[in-house]
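As C-alpha cells, the structure follows; a few thoughts come after it.
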There are 2 protein chains.
Amino acid sequence: MTADLHATASTRLRADGQRYTPRRRALVDLLADSDQPLTIPQLLEHRKDLAQSSAYRNLAILERAGVVHRIVTTDEFSRYELAEDLTEHHHHLICSSCGDVTDFTVPAAVEHDLEAALSKVAKRSGFRARSHRLDLVGTCATCE
Amino acid sequence: MTADLHATASTRLRADGQRYTPRRRALVDLLADSDQPLTIPQLLEHRKDLAQSSAYRNLAILERAGVVHRIVTTDEFSRYELAEDLTEHHHHLICSSCGDVTDFTVPAAVEHDLEAALSKVAKRSGFRARSHRLDLVGTCATCE
DNA sequence: GATCGAACGAGAACGGTTCTCATGACCGAG
DNA sequence: CTCGGTCATGAGAACCGTTCTCGTTCGATC
C-alpha cells in the first residue's frame, strides 16, 4: 500500500512531465508517515539531508502534479499533506495558539448531507466546486 | 444598525485599550459595505486616502479586538471581513484561479448537524473549539 | 562509459507584512 | 483656552517565508 502510493505519485509526476526522484520520494514518505500536515522546517528537521530550496521546489512540483496538498493558516508557515485521494477525506483541527494542525473525520452521514447542501450552493452560483474544506479553529489540548 | 455596528466596534476597541479613530471607522465601513472579504489593495483602492502601513496596523488592531476577521488562502494576499458575530454565520466560495472569495450560507438544519458532529470531535480530542470554517474551493463563474 | 537534459543546493532576490520613528491629532488638567 | 502628554498616523526601512538563479551533480539512454 505504500508501494501503491509511490506508484501513484510516480505516475502523476510523469503525467506532468516530471521525474519521481529520491528527494521527492523522501518528501512523500515523510508526509505519509505523519498524522498531521507538516511545515517545511518540520520536514527538514526529520530529514537533515534535504535542502530547503529543493524542498520548496519539490513540494510545489508535487502539488502541481496532485500528489500533495498545501495548507495555509494564519500562522507563519505553510503546511503540506498528501492529496486527499491518496489518504482519506478528513478535516483539520487548527490551534490558533501554537498553529498546530491535526486531522479528524466526521461521520459519513454528516459528510453526505454537507456534500448535498454544498453542491446545491455551487450550482446556484455558477461555481465549479473541486473540494470542500472544513476546519475547526480553537486551542489544542496542550495549549489549553 | 450601522450605528450599532460602530457602537459595538467602539466598545470592543475600548475594552482592548484602543480608540475608535476615523481611519478605523473607515475600514469597518468598507468591510460592512462589501459582500465579500477584501484584500488590503482592494481597501486602499476604495479609499485612496488610507495609508498602507496604517491599514495593516489598524486591521491587526481591529482583529485583536474581535471586530474583524482575517482570512488567508493560497493566493498572495490576506483578506479581511467583519467578525462573524457582527454579520451572520456564513462560509466562503474560494476561486483557486483568481483568488476571489465570496460569501454563502447553508441551510440551518445542515449547519446544526454539522455543529453537533464537530462538538463531539472536539470533546473527544480535548480541543476547545472557537469556531468552524467551511469553504468550497473551485473555480468561480467568471473564471470558468 | 559518454552525453545531455533534468534535479539539486547555496545563496540572492522577491514581496506581502511588520516595524521604526518623526510628525500630527486628540484629550484631560489647570 | 492653553499647555502636555499620549496615542494614531504615514513614509520608508526591515523582516522573513518563499521563489528564483545559476553552477554543479545525477541519472536515464544509447
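Sequence lines set the chain letters: A, B, ... in the order given, protein chains first and strands last, and positions in each chain run from 1.
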Check: Checking all strands, does A:Thr21 fall into the base, sugar-phosphate, or nothing category for heavy-atom contacts under 4.0 angstrom?
Finding: sugar-phosphate
Check: Taking CD from A:Gln42 and P from D:dG17, how many angstroms apart are they, rounded to a whole number?
Finding: 13 Å
Check: How many Å lie between CG on B:Asp49 and P on C:dG24, as a whole number?
Finding: 18 Å
Checklist line | Length of the CZ-P vector between B:Phe77 and C:dG15, whole Å | finding: 10 Å
Check: Which listed nucleotide (C:dT18, D:dA11, D:dA8) is nearest to the side chain of B:Arg70?
Finding: C:dT18
Check: Taking atom CZ of A:Arg12 as the centre, does the number of heavy atoms from other residues, nucleotides or ligands within less than 6.0 Å exceed 12?
Finding: yes
Check: Can you find a side chain N or O atom of B:Gln52 that sits less than 4.0 Å from OP1 or OP2 on C:dG16?
Finding: no
Note to self: I need the CD-C1' distance between A:Glu76 and C:dG16, as an integer number of Å.
What the structure shows: 15 Å
Checklist line | Side chain of A:Ser53 - closest among C:dG11, D:dT18, D:dT9 | finding: C:dG11
Notebook entry, point to check: Do B:Arg57 side-chain and D:dG10 base share a donor-acceptor contact under 3.5 Å?
Noted result: yes
Check: OP1 or OP2 of D:dG17 less than 4.0 angstrom from a side-chain nitrogen or oxygen of A:Ser78, does that happen here?
Finding: no
Checklist line | Between P of C:dT17 and CG of A:Asp75, the distance in whole Å | finding: 15 Å
Checklist line | Whether A:His46 side chain and A:Leu44 backbone form a donor-acceptor pair below 3.5 Å | finding: no
Next item on the list: For D:dA8, take OP1 and OP2 only and decide whether either is under 4.0 Å from a side-chain N or O of B:Asn58.
Entry: no
Check: Without hydrogens or angle criteria, can the side chains of B:Arg57 and B:Ser54 be said to hold a donor-acceptor pair below 3.5 Å?
Finding: yes
Notebook entry, point to check: Side chain of B:Thr139, backbone of B:Cys95: donor and acceptor closer than 3.5 Å?
Noted result: no
Next item on the list: By nearest nucleotide on DNA chain C, pick out whichever of B:Arg19 and B:Arg79 is the more 5' one.
Entry: B:Arg79
Notebook entry, point to check: So what does B:Arg23 touch, heavy atoms closer than 4.0 Å: a base, only the sugar-phosphate, or nothing?
Noted result: sugar-phosphate
Next item on the list: Select one nucleotide: of C:dG16, C:dA10, C:dA7, the one nearest the side-chain heavy atoms of B:Tyr56.
Entry: C:dG16
Notebook entry, point to check: Whole-Å distance between C:dA7 P and A:Ile61 CD1?
Noted result: 6 Å
Notebook entry, point to check: Which listed nucleotide (C:dT18, C:dC8, D:dG10) is nearest to the side chain of B:Ala51?
Noted result: D:dG10
Next item on the list: Grab the CG-C1' distance between B:Leu27 and D:dA8 for me, whole Å please.
Entry: 13 Å
Check: Just checking, any donor-acceptor pair under 3.5 angstrom between side chains of A:Asn58 and A:Arg24?
Finding: yes
Notebook entry, point to check: Taking the side chain of B:Arg24 as heavy atoms from C-beta outward, which of D:dT9, D:dC7, D:dG10 is closest to it?
Noted result: D:dT9
Check: Taking the six-membered ring for Trp, is the centroid-to-centroid distance between A:His132 and B:His92 below 6.0 Å?
Finding: no
Check: A:Leu50 CG to C:dG9 C1': how many Å, rounded?
Finding: 11 Å
Next item on the list: Look at the side-chain N and O atoms of A:Ser54 and state whether any lies under 4.0 Å from the OP1 or OP2 oxygen of C:dG9.
Entry: yes
